[in-house]
Structures are given as C-alpha cells and as structure tokens.
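Predicted model only: the values in this text are computed from it and were never measured.
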Amino acid sequence: MTWIDISQPLHSGIPVWPGDAPFQYEFISTKEESGSVHVGQVQMSTHTGTHIDAPFHFDDAGSKVHELDVNLYIGKARVIHLPGREKIKAEDLMEKEWGGISRLLIRTDSWRDRNVFPEEICHLDPDTVPYLKKQGIRLIGLDVPSVDPIDSKTLPAHHALWDAGIHILEGAVLDNVEEGIYELIALPLPILGGDGSPVRAVIRPVAEPL
C-alpha cells in the first residue's frame, strides 16, 4: 500500500512557537555560481512542524535526541479520532480498541488553520497517562504542537508521559486519516545533545487483524 505523508511541509511561512527561530531555507550557492551544484542552508527551531520531543526538552536529566531508541519511531501504530474536545481524558481512550499496539496517534482536528500558530488546542489530560502506560503505549502522537496547553509553563502531560516511559510526537497532519492500524516511520535526526528534532512522518494502512 502507498505511504501517506503526515508531515507538515517546511517553508518560510510555517508557523512556529512564539519566540522560536522562524524557518528559513536559502541558497548559499547556486549552480550558476559554483559551476556544478545548488547548495542550500536551513535555519529552524528543533520544534518546527512535525517533530519529536526528547525528554531533555523539558527535563535537565532527560534523554537527548541521540540517546533515543530509534525503534520507538518505527512500527505499528493505531490512529484514533477524538474531535470536538477541550482535552483528552482517560474515558475517551477507554472507548477505543487497542489490540496490543504500543504507538498511538490521536487525531483531534483542533488545529484548523496550519498557516497560523494556534492559541488553543485539544491537549492531553495528565490523568490519562496511567491508562496509556497500562495499555503498553510507548509513543503518543498528536496533530497539534504540544501535548499540553499552549500557554502551559509546567508541562504536566510532558512530565507525566516521560515518567511513564512514553515518548512524544507532535504536529502530525492527520486531517484525512481514518481510524485504524498503520505502519509508522517518524525518525528523528541524530542531533547530538538535541532537545528535539523535526521528522518526516509517514504511515500506511495495515490489514487487521494483526
């Protein structure tokens, strides 16, 4: 089956966290200038677009990007659709099928215009984390810039997930993705000492049952 790209395209107008470096791509040399090749340069925050958070992002003692297990970001994932919510609670998750999948992608539909950074988003209630851990979840992904409210400084969901051994993928594009089981590839770049990394996230449907 065909792979589906669930990554945000990186371009000069992509909205970023307030205060973060804007994304910029420019040529530092053109084929005409060099006589052989075009060479580009990228400047960006590590939390631009579709990205993973390393625990070091919010915890000084947390793992950095190059220390993360790449196997977390490759494998079967379940997509569930939870629209129209202010936050995701444990009871919302209990309504869904799991089937032993350790990666969960949640489509909230709460970031309606990706040309503008949102002021409010559907976020994860930290009280859901014990339930996620019980279900064996190791990676959770959302279609919004953060698992916590945009204005949160304490980041309770980030910390609760890390304490439970659950890693974070944010900013996925799940607008037209149906519920079901998919193969996921969302590999971070091997940034030594990094607090996060952009990813090229792709999925493709897997026939059920497993």
Side-chain angles (χ1 to χ4, degrees), residues 6-11 14-25 42-75 77 87-88 102-108 110-111 114 116-133 137-174 184-202:
I6 59 168
S7 312
Q8 295 182 50
L10 298 174
H11 58 92
I14 189 171
V16 299
W17 279 89
D20 278 6
F23 177 84
Q24 183 177 357
Y25 174 81
V42 173
Q43 293 181 322
M44 64 187 299
S45 161
T46 51
H47 300 271
T48 300
T50 309
H51 66 278
I52 63 97
D53 284 355
F56 178 67
H57 176 50
F58 49 88
D59 184 338
D60 288 341
S63 301
K64 298 171 183 173
V65 172
H66 72 281
E67 298 170 326
L68 301 175
D69 181 2
V70 295
N71 291 287
L72 291 166
Y73 307 98
I74 306 172
K87 60 182 175 181
I88 298 162
S102 61
R103 301 166 192 85
L104 175 65
L105 303 177
I106 302 177
R107 175 183 163 188
T108 71
S110 65
W111 189 1
R114 287 196 181 83
V116 179
F117 196 83
E119 295 182 2
E120 295 182 353
I121 55 171
C122 176
H123 56 278
L124 189 69
D125 188 328
D127 290 343
T128 64
V129 175
Y131 179 76
L132 291 170
K133 183 177 181 179
I137 297 299
R138 297 290 315 286
L139 176 72
I140 186 166
L142 273 69
D143 58 354
V144 288
S146 178
V147 295
D148 277 298
I150 292 295
D151 60 355
S152 175
K153 298 299 182 184
T154 57
L155 303 179
H158 280 78
H159 287 280
L161 289 166
W162 172 227
D163 289 344
I166 302 172
H167 293 261
I168 299 169
L169 169 68
E170 295 168 330
V173 180
L174 300 171
L184 168 71
I185 301 175
L187 288 170
L189 301 174
I191 303 172
L192 293 180
D195 64 297
S197 173
V199 300
R200 182 71 178 267
V202 295

Distance from [X] atom [atom1] to [Y] atom [atom2], nearest 0.5 Å?
{"X": "L174", "Y": "L105", "atom1": "CG", "atom2": "CG", "result": "6.0 Å"}
{"X": "L155", "Y": "L161", "atom1": "CG", "atom2": "CG", "result": "11.0 Å"}
{"X": "L169", "Y": "Y73", "atom1": "CG", "atom2": "OH", "result": "8.5 Å"}
{"X": "D148", "Y": "H159", "atom1": "CG", "atom2": "NE2", "result": "8.0 Å"}
{"X": "E170", "Y": "I140", "atom1": "CD", "atom2": "CD1", "result": "10.0 Å"}
{"X": "F58", "Y": "S146", "atom1": "CZ", "atom2": "OG", "result": "10.0 Å"}

Q. Mind checking what makes side chain to side chain contact (heavy atoms under 4.5 Å, CB included) contact with L10, not counting sequence neighbours?
A.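 For L10 the side chain to side chain contact (heavy atoms under 4.5 Å, CB included) partners, ignoring immediate neighbours, are I14, F23, M44, T48.
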
Q) With sequence neighbours excluded, what pairs up with E119 under the side chain to side chain contact (heavy atoms under 4.5 Å, CB included) test? A)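 With sequence neighbours excluded, E119 shows a side chain to side chain contact (heavy atoms under 4.5 Å, CB included) to no residue whatsoever.
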
Pairs under 3.5 angstrom only: tabulate donor-acceptor contacts from the side chains of residues 189-202 to other protein residues two or more places apart or in another chain.
from	atom 1	to	atom 2	distance (Å)
D195	OD1	T46	OG1	3.2
D195	OD2	T46	OG1	3.4
D195	OD2	H47	NE2	2.6
D195	OD2	H57	ND1	3.4
S197	OG	L189	N	2.8
R200	NE	D5	OD2	2.7
R200	NH2	D5	OD2	2.9

Using a 4.5 Å cut-off on heavy atoms from C-beta on, say whether the side chain of [Y] contacts that of [X].
{"X": "V116", "Y": "P15", "answer": "no"}
{"X": "H158", "Y": "I168", "answer": "yes"}
{"X": "S102", "Y": "L72", "answer": "no"}
{"X": "I88", "Y": "L142", "answer": "yes"}
{"X": "D163", "Y": "V129", "answer": "no"}
{"X": "Q8", "Y": "T50", "answer": "yes"}
{"X": "L139", "Y": "I52", "answer": "no"}
{"X": "H167", "Y": "W162", "answer": "yes"}

Q) Has the side chain of R103 got a donor or acceptor atom that lies under 3.5 Å from a matching backbone atom of G141? A) no

Q) If only atom types and distance count, is the side chain of S152 paired as donor or acceptor with the main-chain N or O of P149 below 3.5 Å? A) no

Q | Derivation of the side chain to side chain contact (heavy atoms under 4.5 Å, CB included) call for V147 and D53 | A | CA-CA 10 Å; V147 295; D53 284 355; over 6 Å; no

Can you name the nearest heavy-atom pair linking [X] to [Y], along with the distance?
{"X": "S110", "Y": "V144", "result": "OG-CG1, 3.3 Å"}
{"X": "F56", "Y": "G62", "result": "CB-O, 3.5 Å"}
{"X": "A157", "Y": "L124", "result": "CB-O, 3.6 Å"}
{"X": "P126", "Y": "P156", "result": "CG-CB, 3.7 Å"}

Q: Output all residues satisfying salt bridge (charged side-chain N to carboxylate O under 4.0 Å, His left out) with R114, sequence neighbours left out; order by chain, then residue number.
A: D175

Q. For D20, what residues pass the side-chain hydrogen bond (donor to acceptor under 3.5 Å, both in side chains) criterion, not counting sequence neighbours?
A. S45

Q) Do other residues, nucleotides or ligands put more than 12 heavy atoms under 6.0 Å from the CD atom of Q24? A) yes

Q.
Strictly by salt bridge (Lys or Arg N to Asp or Glu O under 4.0 Å), give each pair with a member in residues 57-69 just once, sequence neighbours left out.
A.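 Residue pairs with at least one partner in residues 57-69: there are none.
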
